[in-house]
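Here the structure is laid out as structure tokens; the discussion comes afterwards.
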Amino acid sequence: MEKKVNGIVIRAVSYGESDKILTIYTLEEGLVSARIKGVKKAGAKLKACSEPFCFAEFVLASSLNRNVVTGASIYDGFYGLREDVVKFYAGSVVLGFLRVFGLEEADKNLFDFAVNAIKNLTYSDVNPYEETVSFILSGLKAAGYEINAEGCCRCGDEIENMAFFDMKSGAFVCGDCAEEGDMRVSLSTYKILKEASGSEKTAEFSEEKNKGLIKALKFLSYYIEAKVSEGIKALKELTEL
Ligand SMILES: [Zn+2]
């Protein structure tokens, strides 16, 4: 049986002498794995669609739950990402997120968030750290692990001085309501996550701002590991560049 899916390659692993196994995050079926033949040979027709970030309509021949890529029309390879190391790692965080949180079922929201984030990183003048924070927050929400940064989750007041975090409910807590077991988080991380949940982005690039964003990304990395045990390697790398 042959089928067409729209997807982005999130991982490509060598298989045998000349093939690869692709993990593709698709609009129609979520995570799909497919073998692509002969792509390690020079001049192979499908070579360009066997690399991470390739966004294409893939033609898959499938039998007994095994897929083979037999054709592809590329929408975008996002090659520009490779010219900026921070943007490249930020894009890799998006792919890593899909691998960790993607399911084998359609999730149009998560798919759109991911493609838009990669487009923004490649073509817009966004701060890559900020774009990553904002993608992760949207992605976590789509995946059912939403972080609530709208004031204190217990008394409802705005958090002004000390911020804490209740890992279990994924929500911030003010200093007055904090209980044993809540985690102390820097106020700047709370504020960054609160702002990033809103729509306004500043496209500011100061070193000071990036420091805060990197701290917030470290917090998100910690949160993801606590929730799903498997972390996102590129996220750690992005915070250590
Ligand atoms: Zn409170």
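As the structure lists them, so they are numbered: ligands from 1, and atoms in each ligand from 1.
For the Zn ion (ligand 1), the nearby protein N/O/S atoms, meaning those under 2.8 Å, are Cys152 SG, Cys155 SG, Cys174 SG, Cys177 SG.
In this structure, the side chain to side chain contact (heavy atoms under 4.5 Å, CB included) partners of Ser92, at least two apart in sequence or on a different chain, are Phe53, Phe88, Ala234.
Thr122 and Lys87 are not linked by any side-chain donor-acceptor pair at a separation below 3.5 angstrom, with hydrogens and angles left out of the test. Side-chain atoms of Tyr89 and Asp84 include no donor-acceptor pair closer than 3.5 Å. Between the side chains of Glu131 and Asn120, at least one donor-acceptor pair of N or O atoms lies under 3.5 Å.
For Tyr145 and Phe101, the ring centers sit closer than 6.0 Å to each other.
By the 30° and 60° cut-offs, the orientation of the rings of Phe219 relative to Phe165 is perpendicular.
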